[in-house]
Amino acid sequence: MEGRLGQNSVPPSTSFDKSKILDVKPLRSLVPVFPTSPQAPPFVCAPPFGPFPSGFSPFYPFSGSQTSSDYNGPSGTTPTGPFPAPIRSFRRPPPEFAGASNDETASSMEGLNEDGFSEGKKRALRGSSSSQKKTRRSRNTELSLSGFKGKGFDASALVGIGDLQREDGDRDIVNCVLMTFDALRRRLSQLEDAKESTTGIIKRADLKAGNILMSKGIRTNTRRRIGVVPGVEIGDIFFFRMELCVVGLHAQSMGGIDYMITRGDFEEEPVALSIVSSGGYDDDTDDSDILIYSGQGGNFNKKDMQVADQKLERGNLALERSLRRNNEVRVIRGLSYSPNSNVKVYVYDGLFRIQESWTERGKSGANIFKYKLVRVPGQPSAFALWKSVQRWKEGFPSRVGLVLPDLTSGAESIPVTLVNDVDDEKGPAYFSYFPTVKYSKSFSLTRPSYGCNCQNACSPGDLNCSCIRRNEGDFPYTGNGILVSRRPMVHECGPTCPCFPKCKNRVSQSGIKLHLEVFKTKDRGWALRSLDPIRAGTFICEYAGEVIDKLRVSETREEVQNDEYVFDTTRVYDSFKWNYEAGLVEGESSSDCYEDYAIQDPLIISAKNFGNVARFMNHSCSPNVFWQPTIYEQNDQSFVHIAFFALRHIPPMTELTYDYGIAQSAQAESKNPLNGKRKCLCGSLKCRGSFG
DNA sequence: GTAGATTCACAGTG
DNA sequence: CCACTGTGAATCTA
């Protein structure tokens with residue numbers, strides 16, 4: 001805990017003058033906060049999605065009542081009044097796209113909880129047989145809907161997707177489809193990891209998962225459209241091309257240009273809908289509102305690296321036509337980010353228009369089409385935010401509001417920045433940074449320890465490994481350290497296991513890997529966010545603090561109740577679905593897909609005096625993080641830790657939140673409903689109003 | 001040890 | 001049913 005700030009003029013957190021620091025209690029709730037920076041003025045919210053002038057409606061080539069004249073200029077999306085807004089605060093447009101079906105769309109959403117998963121699946125709208133068109137079955141795509149086979153059951157009913165939602169999505173449906181995709185992908189990846197390397201069957205769990213969802217109708221926004229895709233917001237991130245397909249943002253699984261044939265005045269012609277800029281070319285410009293995009297084609301015969309002139313056909317022709325028509329084109333930027341530069345993330349960057357096109361002679365001498373795209377005014381720029389964050393991570397000197405470069409004073413292997421660009425407060429109330437959980441000596445919540453016998457690293461599928469056996473035979477993490485499923489307990493290897501410290505079954509004990517940041521909010525005290533994009537299932541941090549002996553809980557009840565920095569497994573938590581749908585995996589029934597997380601031993605941790613970044617995570621009724629008990633042996637005993645994992649993909653700079661649950665005492669004392677509770681400011685549509 | 005190159009098995013749409 | 005579009009992960013190479 002010694003300050004390592006040395007030459008820095010900023011004092012280490014341990015030497016804060018308490019008297020100068022207000023005792024700020026985090027109000028603990030969430031509204032995403034968008035940073036202001038000198039480089040980028042506050043975003044102007046001119047929502048790509050309205051409010052639309054009355055009479056405005058999106059252009060559909062196949063609907064007779066619309067004409068392309070609606071798109072004759074930026075006026076259709078002119079902001080009605082600029083105001084600073086968090087980048088992710090955009091709300092979907094009123095579902096006027098679906099015509100007069102608003103009511104039905106809304107009512108069918110009631111069964112969805114904040115994760116977009118249906119709790120009452122039975123009442124899901126029954127799909128017609130449209131999705132039952134004969135699906136190609138590659139030899140590897142053989143799968144059975146166990147339990148549903150032959151009953152005429154629409155698989156998409158598993159996740160509550162009706163016909164309407166399949167054609168036109170919204171935020172909840174998009175989330176639901178993405179969560180289903182990733183849960184299935186993780187499971188397939190886990191199954192693949194567990195196989196002998198020579199008999200591998202699923203080399204590409206992402207493609208397989210996408211294929212299953214597409215063929216089962218678990219997808220949305222199948223209606224091809226120009227412009228906004230309902231439910232997808234600027235700044236949303238994706239980690240697989242198939243994710244773009246299943247939410248209808250970009251229908252090509254590989255191709256960079258998505259287009260559709262539309263009926264022009266006299267003849268059919270292609271119109272570009274969306275492009276994925278994968279960064280392979282020197283598309284980069286300093287101005288994040290401009291993108292230079294290269295056409296497709298011209299590389300045949302990859303082996304010899306032979307190239308040919310690109311032709312004005314397919315995607316290139318569509319872009320050319322879209323230049324003339326001046327229609328909006330969705331732009332998805334494929335970016336690779338340090339330090340994991342082999343992982344690519346796709347960022348939805350909003351609507352652009354093609355301003356000009358030309359041909360260029362490429363390095364190899366062949367002609368390449370080039371298109372200049374310009375951002376439709378009034379939209380936030382996800383890419384500009386991305387570039388700012390990159391500069392901050394490189395230690396860009398003049399970041400506004402930077403209070404401390406490392407709040408942990410070196411206690412974590414990666415610095416945690418402390419930022420306040422809201423007011424003058426110099427930091428949160430005093431506490432000692434401690435990276436893990438502290439059990440008191442005489443603590444009873446322990447078990448005798450026993451590790452595995454694996455040399456080197458424990459390998460998935462090895463049932464000789466006792467650590468894996470304790471996880472019901474499943475290796476809890478995928479090869480790149482992503483949690484596969486929630487479960488009552490994750491058993492990790494511990495210090496006495498002979499396997500390497502790099503063993504993949506040590507994810508939650510290896511400390512923080514993300515560049516996290518504690519920041520001041522306008523109305524909810526201090527909060528936590530990440531500068532790095534986060535994949536669903538990524539370990540974020542554990543809840544560090546002092547464990548309160550359960551035998552002493554009653555005598556310290558008062559104390560615990562007034563402690564705002566407390567984590568308590570005995571609270572009442574809303575259940576939610578995160579694991580894969582067993583019905584989508586060959587040979588698995590719903591009992592294989594347990595989602596039980598009742599914890600055996602109650603655990604209460606106070607981070608009031610000792611804690612880590614987790615103590616700054618606020619509550620939300622629509623959280624993006626969840627907790628998962630993990631256990632590993634330590635000094636001949638094993639202790640339960642609370643590990644936090646990303647519930648879904650989380651874009652950079654988005655506040656991290658989890659569900660605090662409701663204290664049982666607060667529930668019982670119903671005389672005063674706000675007793676022990678605090679007003680919730682999470683701003684979610686599904687906000688319960690209070691928490692704690 | 002790390003960054004770049006190579007290899008391999010693939011899915012959706014026109 | 002073919003043509004067309006690269007992708008993501010693992011492995012090899014410099």
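Remember, predicted model here, so these are calculated numbers, not experimental data.
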Does [X] make a side-chain N or O approach to OP1 or OP2 of [N] shorter than 4.0 Å?
| X | N | result |
| --- | --- | --- |
| A/N211 | B/dC10 | no |
| A/R535 | C/dG8 | no |
| A/Y259 | C/dT5 | no |
| A/S278 | C/dT7 | yes |
| A/R204 | B/dC10 | no |

Residue pair A/E492 / A/S508, side-chain donor-acceptor N/O under 3.5 Å: yes
Would you say the side chains of A/S357 and A/E320 form a donor-acceptor pair under 3.5 Å? yes
Check: A/F239 ring centre within less than 6.0 Å of A/H649 ring centre: yes
Is the distance from the ring center of A/Y371 to that of A/Y293 below 6.0 Å? no
Taking [atom1] from [X] and [atom2] from [N], how many angstroms apart are they, rounded to a whole number?
| X | N | atom1 | atom2 | value |
| --- | --- | --- | --- | --- |
| A/L207 | C/dG8 | CG | C1' | 8 Å |
| A/I212 | B/dG12 | CD1 | P | 11 Å |
| A/K203 | B/dC8 | NZ | P | 9 Å |
| A/Q296 | B/dT13 | CD | P | 15 Å |
| A/L213 | B/dA11 | CG | P | 14 Å |
| A/I482 | C/dA9 | CD1 | C1' | 14 Å |
| A/D206 | B/dC10 | CG | P | 12 Å |
| A/K344 | C/dG8 | NZ | P | 6 Å |

A/S253 or A/R314, whichever maps to the more 5' nucleotide of DNA chain C: A/R314
5' priority, DNA chain C, between A/V276 and A/G479 [closest heavy atom]: A/V276
Which of these nucleotides, B/dT13, B/dG14, B/dC10, is closest to any side-chain atom of A/I261? B/dG14
Would a 4.5 Å heavy-atom cut-off, applied to side chains only, mark A/L514 and A/I534 as touching? yes
